[in-house]
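Residue numbers begin at 1 in each chain, while the letters A, B, ... track the order of the sequences.
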Protein chains: 2
Amino acid sequence: MARFRITLAYDGTDFEGWQIQARSSRKPRTVQGSLEDALARLSGGNRVAVAGAGRTDAGVHALGQVASFELPREISPDRLLEALNGLLPRDVRVLGAHLATPDFHARRSALTKLYRYVLDTDPVQPPTRRRFAGHVPGRLDERAVAEAAASVMGRRDFASLRTAGSDTKTTVRNLIRSEACFDGGTLLYEVEADGFLRQMVRNLVGAFVAVGQGRMSLEALASALEARDRRQWPAPVEARGLTLVGVRYPDSVLT
Amino acid sequence: MARFRITLAYDGTDFEGWQIQARSSRKPRTVQGSLEDALARLSGGNRVAVAGAGRTDAGVHALGQVASFELPREISPDRLLEALNGLLPRDVRVLGAHLATPDFHARRSALTKLYRYVLDTDPVQPPTRRRFAGHVPGRLDERAVAEAAASVMGRRDFASLRTAGSDTKTTVRNLIRSEACFDGGTLLYEVEADGFLRQMVRNLVGAFVAVGQGRMSLEALASALEARDRRQWPAPVEARGLTLVGVRYPDSVLT
């Protein structure tokens, strides 16, 4: 048996997220499903279970998703990359393939994940940006948005952001980076943490937008975070602006 | 009668270019056609002829295409913008609308047009970049590419780049800007000129790639340009990496 770690990029527009939805009667198109189908073909029809670092939702993209799996026989990482890219649909690509240590697990071994959210605020969004940026027309108070982003840094209980469908035991997460900046009328938000609740980044950006529009004060944001009550939290922004940029691992698990 | 100037952005992926193809029996999907259909609906069914600054080819995008037309009755530019965006397909958006001087013509009044070509050279192209960047895997000699780009500056006869279907009287064009730079494994080329032959930018980048790969010397590029013979010129790069960024006009025609 050989264990592999691969880095993936995908355009999430036409996927119903990363994860195979086991109890669904129809078969939704998922990134994990596409990957397992391709690996099954490489393994003579045997099912290969794939773990992904981030379970991205429908419409969310990746530039540096990481996945791990075992194959019954030795194959060089370079050949694996080429074979997978030959079998995968065009909207998923394997960017890198490596042999992994026997205990490597894409999600459990991860130290942190980095997400980026891109939000256009000009009155009309150019169609060339429609797939990879959300759109909320109207100027935001840039300084207030940057302060709101910085205010959620650190180890906190994010129970207020819990959405239906989250099955996590704890809602405490450690945000080691949370930065918003503007490029013209575009808000760029980058957040790195040891883990994320479901729709957490989209819920955070939804609140930053409310602050930037003057609908919510920084104090109200702090209270809403304390409240542990989803109903006090503003609505999330659209999935299409969100990209999983990369995943960090301890050097010890990278061969 | 009121004359208008509008700025347009489009994702060219699903269009067969800007221009209505009059002699075609089927009706290809074109940007000009979509715009004229929308304007006809605003004008009670009367045909409104639209002129575009750049006749972009199939698959070529725009961030700042300019179009001009006349409408039989007065309408405020803001209302025109909203009405058009309500009628146009999602992959074309009107970014701005203005009243124009009676003699304004989007193409004939233009001083220069600026195009950008984006080319990824990493072994695998991320699917998030597939629509708006070409892909030629393999490192290029960055300095050679930059020199090749600079070497075509100025007023020259570009007869060597003439493709079948060009119906221009003269092949002399004045390139006032021609710059290539690299961002990681991505080549960014910007070119501004008083006009462009059909597929001219894609033919230029095709030659720069040949130079960057060491298949063509800078001297050979200069000779190929002198030769006025299309067969000596390298193949063009793909349409999808090309975007019409903007159009410049003399202040006198802008109201």
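By the 4.5 Å heavy-atom criterion applied to side chains, B/R131 and A/R131 are counted as neighbours. For the pair A/D122/B/L95, no side-chain contact is recorded, criterion being any heavy-atom separation below 4.5 Å from C-beta on. For the pair B/D11 and A/R129, the minimum side-chain heavy-atom distance is 4.5 Å or more. Contact annotation: the side chain of A/V94 never approaches that of B/V124 to less than 4.5 Å [non-hydrogen atoms, C-beta and beyond]. Side chains of B/L63 and A/T128 form a contact here, defined as non-hydrogen atoms less than 4.5 Å apart.
The number of heavy-atom neighbours closer than 6.0 Å to CD of A/E16, taken from other residues, nucleotides and ligands shown, is above 12. Dense packing is recorded around CZ of B/R177, with more than 12 heavy atoms of other residues, nucleotides or ligands lying under 6.0 Å away. For CZ of A/R108, the number of neighbouring non-hydrogen atoms (other residues, nucleotides, ligands) closer than 6.0 Å is 12 at most. Heavy-atom contacts from other residues, nucleotides or ligands closer than 6.0 Å to CZ of B/R3 number more than 12. More than 12 heavy atoms of other residues, nucleotides or ligands shown are found within 6.0 angstrom of CZ on B/R130. Heavy atoms of other residues, nucleotides or ligands lying less than 6.0 angstrom from CD of B/E82 number 12 at most. Atom CZ of A/R79 has 12 or fewer heavy atoms from other residues, nucleotides or ligands within 6.0 Å.
With a threshold of 4.5 angstrom between heavy atoms, B/L8 does not approach chain A through any atom at all. Heavy atoms of A/N85 lying under 4.5 Å from chain B belong exclusively to its side chain.
B/Q125 approaches A/R93 most closely through the heavy-atom pair O-CG, 3.4 Å.
For the options A/P127, A/P123, A/A9, heavy-atom pairs under 4.5 Å to chain B are most numerous at A/P127.
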